Amino acid sequence: MTIPNTHNGIDPDELAVVHACRAWPFEEARRLIARLDRLGGDPQRPVVFETGYGPSGLPHIGTFGEVARTSMVRHAFEVLTEGRRKTRLVCFSDDMDGLRKVPGNVPNGDMLAEYLDKPLTSVPDPFGTHESFAHHNNARLRSFLDQFGFEYEFLSATDCYRSGMMDATLLRMLEVYDQVMDIILPTLGPERRATYSPFLPVSPRTGRVLQVPMVERNAKAGTIVYLDPETGEKVETKVTGGAVKCQWKADWAMRWVALDVDYEMAGKDLIDSVALSSRICKALGSTPPEGFNYELFLDDKGQKISKTKGNGLSIEEWLTYASPESLSLYMYQKPKTAKRLFFDVIPKAVDEYLAHIAKFPSESPKQRLENPAWHIHSGHPPAAELPISFALLLNLVSASNAHDAGVLWGFIKRHVPGASPERYPLLDKLVGYAVRYYADFVKPQKQFRAATATEAAALAALDRALADAAPDATAETLQNIVYEAGKSNGYDKDTLRDWFRGIYEVLLGESQGPRFGSFIALYGIPETRRLIADGLSGRLLAA
RNA sequence: GGGCGGGUAGCUCAGUGGUAGAGCAUUUGACUUUUAAUCAAAUGGUCGUGGGUUCGAUCCCCACCCCGCUCACCA
């Protein structure tokens, strides 16, 4: 998937109607344009879109959603402004944050325990592959984003603090310290209120990020004074150069100001935080970015998805059974509605995505701008023609017991004469997904059983008959052979149904299956004979 | 309590200021020398309630009811 985010090649017909387009990325872009108009300022300054990331965990489906959606707004903005404004998408990693607790999903957890509260960039990498735990997770984040082709700039909080990029804003924060306290303190419980400070000094003695109250402040010198929680000594430290980091709501505001952030989305659980950070941002003398609150995802039972619960669907799971484009579509649709995110939404998303790219070329400019595929592919969806839907493919793979792409293609060709992987490369990808679906969902459901004496005799007869069958026998001929093997071994017109059910249960592990003559033709006569042998010997049962 | 989202067919959900849509489910038919699948068709809705704006409201506005999520410690 490519999200080039260039304004190049804007269709003039589309441009003519873009101002009437109500698709949400355009509505967002318009709010952003209104902000820029309000603010005035340098038209040469790049417009900054930010997404934030906490490197104590791994990137997940929400990370994808936020970057994908932000990229859609960014592209809509570039089209609306006809490329006259430069844009940047900053992916900011809050990697100076202290290690709160030892994550359960990493090796060498014991080793990590002694680094609690140290900045994540000062915690050794438990995987042993990077300079620090944060570096490791940052790298994971970047390769995660890169695999989708997102265009972004990565920024490390630690680098930003240490480089002095934040210094001016940090000094400003010190000047308006009282205002910041007035904003935050009323929102805190009494316990935290006693210790709160927008500045979290990094102890020169222990290297830990401290949550301690300030006992003195010197705005002119740019320093703060606190008591070392263990020694009780007074410590004076600069707020600049990475000697302190900000508590997160202050940090967010500080970042907006220091990086000139114009647009940032957040989940709706952060609505209050955004409001507080915005007030701090104003206290710093700046204007908070335009924001957008997207809904959280629910699992199949309508419960909130949480990583610790492990409910819902991971991005790995989605990408195992469907394309990133289908996931982009899911993210595009109704960002403000709480949507269920579980396996069953995947086939629908895939088929809707396919339908959108299929109808795109014949649509009017206005329709194209409201076509999700336009937003998923930055205005240029690929051409695509699909003879069958993904939902049908999943049915086919289950019904036909097609355990590999070749067999499945055999069934597809019966269904759609002339189809081939070369002619329908996109369908071939879907075939790959369908086969995985089969392996993971259909196959485990199979329940093989031993053949009864009658079935064993009939199967043996079938095997002998197949041995004599022409290698190129038609499905029709093979179906007759199956039929005969049953009729001459204890089944009659009324019980023939049992014969077929027996075949499915013994050989395929299901009580229903494909038309068996067709199955043999596609699966192969020698292969079918081996399957019969395995069924009779009990090997299928054992496996 | 504050904030947000939702209430449309049996189910899951689209959608639009002008005769209401899809998928699944159900029913029927076609094709199959068993099924499944597939194909065709049909059935099915006072668009949460009450007002308002309008020639006209499921859609816009107001109020209300119900459901869900979220925040109130930390990030």
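Quick note on labels: first sequence line is chain A, next is B, and so on, each numbered from 1. Bear in mind that the values here come from a model prediction, so they are computed numbers and not experimental data.
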**Student:** Taking atom C1' in both B:G51 and B:U27, compute the distance separating them and give it to the nearest angstrom.
**Tutor:** 42 Å
**Student:** In this structure, is the centre-to-centre distance between the rings of A:His60 and A:Phe144 below 6.0 Å?
**Tutor:**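 Between A:His60 and A:Phe144, which both carry aromatic rings, the centre distance is not below 6.0 Å.
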**Student:** With C1' as the reference atom in both, quote the distance from B:C47 to B:C59 in angstrom, rounded to an integer.
**Tutor:** 10 Å
**Student:** Run the side-chain hydrogen bond (donor to acceptor under 3.5 Å, both in side chains) test against A:Ser56 and tell me which residues pass, sequence neighbours left out.
**Tutor:**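 Per chain and number, A:Ser56 pairs via side-chain hydrogen bond (donor to acceptor under 3.5 Å, both in side chains) with no residue.
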**Student:** Determine the contact category for A:Lys336: base if any of its heavy atoms lies under 4.0 Å from a base atom, sugar-phosphate if only primed atoms, P, OP1 or OP2 are that close, otherwise nothing.
**Tutor:** sugar-phosphate
**Student:** Does the gap between the ring centers of A:Tyr115 and A:Phe133 come in under 6.0 Å?
**Tutor:** no
**Student:** Side chain to side chain contact (heavy atoms under 4.5 Å, CB included) with A:Arg208: which residues, sequence neighbours excluded?
**Tutor:** A:Asp117, A:Lys118, A:Thr206, A:Leu210
**Student:** Identify which one of A:Arg69, A:Lys268, A:Glu66 satisfies the side-chain hydrogen bond (donor to acceptor under 3.5 Å, both in side chains) criterion when paired with A:Tyr294.
**Tutor:**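 When A:Arg69, A:Lys268, A:Glu66 are each tested with A:Tyr294, the side-chain hydrogen bond (donor to acceptor under 3.5 Å, both in side chains) holds only for A:Glu66.
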**Student:** Applying side chain to side chain contact (heavy atoms under 4.5 Å, CB included), can you list everything that pairs with A:Ser389, at least two apart in sequence or on another chain?
**Tutor:**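 Applying side chain to side chain contact (heavy atoms under 4.5 Å, CB included) to A:Ser389 gives A:Asp351, A:Ala391, A:Leu392.
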**Student:** My understanding is that only residues two or more places apart in sequence, or in another chain, count here; which of them pass side chain to side chain contact (heavy atoms under 4.5 Å, CB included) with A:Ala349?
**Tutor:**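 In terms of side chain to side chain contact (heavy atoms under 4.5 Å, CB included), with neighbours along the sequence ignored, A:Ala349 is linked to A:Trp318, A:Ser326.
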**Student:** I'd like the C1' distance from B:G68 over to B:U54, given in whole Å.
**Tutor:** 34 Å
**Student:** Looking only at atom P, what distance separates B:U53 and B:G10, rounded to whole Å?
**Tutor:**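 One P to the other, the span is 33 Å.
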**Student:** Quick one: which residue pairs count as a salt bridge (Lys or Arg N to Asp or Glu O under 4.0 Å) with a foot in residues 499-509 of chain A, not counting sequence neighbours?
**Tutor:** A:Arg449-A:Glu505, A:Asp498-A:Arg501, A:Arg501-A:Glu505
**Student:** Taking B:U58 as the reference, what is the distance to B:A20 when you measure between their C1' atoms (whole Å, please)?
**Tutor:** 9 Å
**Student:** With sequence neighbours left out, write down each residue that passes side chain to side chain contact (heavy atoms under 4.5 Å, CB included) with A:Ser273, or none if nothing qualifies.
**Tutor:** A:Trp248, A:Lys249, A:Trp252, A:Leu270
**Student:** Would you mind reporting whether A:Tyr353 and A:Tyr330 have side-chain heavy atoms less than 4.5 Å apart?
**Tutor:** no
**Student:** Hey, what are the protein-to-nucleotides 72-75 of chain B N/O distances that come in under 3.5 Å?
**Tutor:**
unit_1, atom_1, unit_2, atom_2, d
B:C73, OP1, A:Thr187, O, 2.8
B:C74, OP1, A:Arg192, NE, 3.0
B:A75, OP2, A:Gln247, NE2, 2.6
B:A75, N7, A:Trp248, NE1, 3.0

**Student:** Rounded to the Å, how far apart are A:Arg22 CZ and B:C60 P?
**Tutor:** 13 Å
**Student:** In whole Å, what separates the P atom of B:A42 from that of B:G1?
**Tutor:**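 Pairwise P distance, B:A42 against B:G1, rounds to 50 Å.
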**Student:** Show me the protein contacts with nucleotides 10-14 of chain B, counting only N or O atoms at under 3.5 Å.
**Tutor:**
unit_1, atom_1, unit_2, atom_2, d
B:C13, O2', A:Lys348, NZ, 3.3

**Student:** Whole angstrom is fine here: how far is it from OH in A:Tyr353 over to C1' in B:G23?
**Tutor:**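 Atom OH in A:Tyr353 sits about 21 Å away from atom C1' in B:G23.
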**Student:** In whole Å, what is the span from the CG atom of A:Leu341 to the P atom of B:G5?
**Tutor:**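 About 21 Å, once rounded to whole Å.
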**Student:** Can you give each donor-acceptor pair under 3.5 Å made by side-chain atoms of residues 430-439 of chain A, sequence neighbours left out, with the distance rounded to 0.1 Å?
**Tutor:**
unit_1, atom_1, unit_2, atom_2, d
A:Arg436, NH1, A:Thr320, O, 3.0
A:Tyr438, OH, A:Asn401, OD1, 3.1
A:Tyr438, OH, A:Lys446, NZ, 3.4

**Student:** Once pairs are restricted to Watson-Crick or G-U wobble with both distances under 3.5 Å, how does RNA chain B read as a dot-bracket string, [ ] for crossings and | for other-strand pairs?
**Tutor:** (((((((..((((....[..)))).(((((.......))))).....(((((..]....))))))))))))....
**Student:** Reading nucleotides 29-40 of chain B 5' to 3', which nucleotides get B (base under 4.0 Å from a protein heavy atom), which S (sugar-phosphate only), which -?
**Tutor:** ---SBBBB-S--
**Student:** Side chains of A:Asp95 and A:Thr121: donor-acceptor distance under 3.5 Å anywhere?
**Tutor:**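 No - no donor-acceptor pair under 3.5 Å links their side chains.
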**Student:** Rounding to a whole Å, what distance do you find between A:Lys268:NZ and B:G2:P?
**Tutor:**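 Interatomic distance, NZ of A:Lys268 to P of B:G2: 15 Å.
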**Student:** Name the one of A:Pro198, A:Ser277, A:Cys246 that satisfies side-chain contact (heavy atoms from CB on, under 4.5 Å) with A:Asp251?
**Tutor:** A:Cys246
**Student:** Rounding to an integer number of angstrom, what distance separates B:G15 and B:G6 when you compare their C1' atoms?
**Tutor:** 15 Å
**Student:** Rounding to the closest angstrom, what is the interatomic distance between B:C13 and B:G18 at atom P?
**Tutor:**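 About 25 Å, rounded to a whole number of Å.
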**Student:** Does A:Tyr332 have any side-chain hydrogen bond (donor to acceptor under 3.5 Å, both in side chains) partners at least two apart in sequence or in another chain, and if so, which?
**Tutor:**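 Per chain and number, A:Tyr332 pairs via side-chain hydrogen bond (donor to acceptor under 3.5 Å, both in side chains) with no residue.
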